[in-house]
Amino acid sequence: MEPADDPIEPDTKDWTWVLHRACQECGFNPSALHHTAVANHIRDDATAWVQRLNRSDVTVRTRPGMWSVLEYGCHIRDVHRIFDHRVQLMLTETDPRFPNWDQDATAVADDYASQDPLVVATELYDAATVVADRYDGVPDDAWSRRGLRSNGSEFTVATIALYHLHDIVHHAHDVASM
């Protein structure tokens, strides 16, 4: 199934509930993890993405309404970059408001479906390493620093780390079912 033949329905859900209860779809449970463990999970996930992006069917959309492995990989790369920027803002500014990011518009504008999987694998791994290092470098007294999403959702560095981890765990689950 070609991406142009299969438009993706934009995701408009507010996923912040995953900070308070387990996700029934992917099994992520925020109460089972400490925010200081997020960096290692991100690194492990990045290694798995390098393998996923080397699949022979990486560009194929296997189900209607779902991205290909390549498109998910591009999204995860960009998620790492976005969260790194947001955490950096939280650590350097007082109560920053994050710029809006429309993941679906980015997927179209950056033509995720036509990107080179090997380049994406490298970029994803590098972005994951940068953000994991950022989390590892958060001082103990800075985990409670706040930031606000454009819709008003409030995060601390600790909660945004868990929110970030859910995003990548959830998409790894999506891809595993392909």
Please determine if [X] and [Y] form a salt bridge, counting it only when a charged side-chain N lies under 4.0 Å from a carboxylate O.
X     : Y      : result
Arg81 : Asp78  : yes
Arg43 : Asp133 : yes
Arg63 : Asp174 : no

* Asked: Near Asp102 CG, under 6.0 Å, is it more than 12 heavy atoms from other residues, nucleotides or ligands?
  -> yes
* Residue list, salt bridge (charged side-chain N to carboxylate O under 4.0 Å, His left out) with Arg146, at least two apart or on another chain ->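 Salt bridge (charged side-chain N to carboxylate O under 4.0 Å, His left out) list for Arg146, sorted by chain: Asp95, Glu154.
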Within this structure, what is the [atom1]-[atom2] distance for the pair [X] and [Y], rounded to the nearest 0.5 Å?
X     : Y      : atom1 : atom2 : result
Arg77 : Glu123 : CZ    : CD    : 5.0 Å
Thr59 : Asp57  : OG1   : CG    : 7.5 Å
Thr16 : Arg149 : OG1   : CZ    : 6.0 Å
Leu89 : Ile160 : CG    : CD1   : 9.5 Å
Tyr72 : Leu53  : OH    : CG    : 13.5 Å

Specify the closest pair of heavy atoms between [X] and [Y], including all atoms of both residues, with the distance to one decimal.
X      : Y      : result
Ala107 : Trp67  : CB-CZ2, 3.7 Å
Val131 : Phe83  : CG2-C, 4.2 Å
Leu124 : Gly73  : CD1-O, 3.3 Å
Ala39  : Ala132 : CB-O, 3.4 Å
His80  : Ile168 : CE1-CG2, 3.7 Å
Asp45  : Ala172 : OD1-CB, 3.8 Å

Examine distances only and state if a side-chain atom of [X] and a backbone atom of [Y] form a donor-acceptor pair shorter than 3.5 Å.
X      : Y      : result
Arg97  : Leu148 : no
Arg61  : Val69  : no
Gln88  : Arg134 : no
Glu71  : Ser68  : yes
Asn151 : Ser153 : yes

Treat each ILVMFWY residue as a node, draw an edge where side-chain heavy atoms are under 4.5 Å apart, and state whether [X] and [Y] are in one component.
X      : Y      : value
Ile76  : Tyr125 : no
Val79  : Val50  : no
Tyr163 : Leu91  : yes
Leu33  : Phe155 : yes

* Would you please test Ile82 and Phe98 for side-chain contact (heavy atoms from CB on, under 4.5 Å) and show each step? => CA-CA 10 Å; Ile82 293 293; Phe98 309 135; over 6 Å; no
* Could you walk me through whether Arg55 and Val175 pass side-chain contact (heavy atoms from CB on, under 4.5 Å), step by step? => CA-CA 11 Å; Arg55 290 173 35 171; Val175 169; 3.9 Å; yes
* Going through the distances and angles, do Leu165 and Phe28 end up as a side-chain contact (heavy atoms from CB on, under 4.5 Å)? -> CA-CA 9 Å; Leu165 184 59; Phe28 179 82; 3.9 Å; yes
Side-chain donor-acceptor pair under 3.5 Å between [X] and [Y], yes or no?
X      : Y      : value
Asp111 : Ser114 : yes
Glu25  : His170 : yes
Ser31  : Arg21  : no

* Asked: Yes or no on side chain to side chain donor-acceptor pair (under 3.5 Å) for Tyr135 and His35, after CA distance, side-chain angles and deciding distance?
  -> CA-CA 9 Å; Tyr135 287 128; His35 55 268; over 6 Å; no
* Asked: Using the benzene-type ring in the case of Trp, are the ring centres of Trp49 and His75 under 6.0 Å apart?
  ->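 Ring centres of His75 and Trp49 not closer than 6.0 Å.
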* Test side-chain contact (heavy atoms from CB on, under 4.5 Å) applied to Asn54 and Leu118, step by step -> CA-CA 7 Å; Asn54 278 293; Leu118 299 178; 3.2 Å; yes
* Asked: Does the side chain of His173 come within less than 4.5 Å of Cys23's, by heavy atoms?
  ->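 Side chain of Cys23 against side chain of His173, heavy atoms only: no contact under 4.5 Å found.
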* To do: Could you tell me whether the side chain of Asp126 reaches within less than 4.5 Å of the side chain of Thr122, counting heavy atoms only?
  =>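 Yes. Closest side-chain heavy atoms under 4.5 Å.
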* To do: Could you check Thr106 against Trp101 for side chain to side chain donor-acceptor pair (under 3.5 Å), going step by step and ending with a plain yes or no?
  => CA-CA 8 Å; Thr106 301; Trp101 180 51; 2.9 Å; yes
* Asked: His171 and Asp167: side chain to side chain donor-acceptor pair (under 3.5 Å), yes or no, with the steps?
  -> CA-CA 6 Å; His171 292 314; Asp167 201 331; 3.0 Å; yes
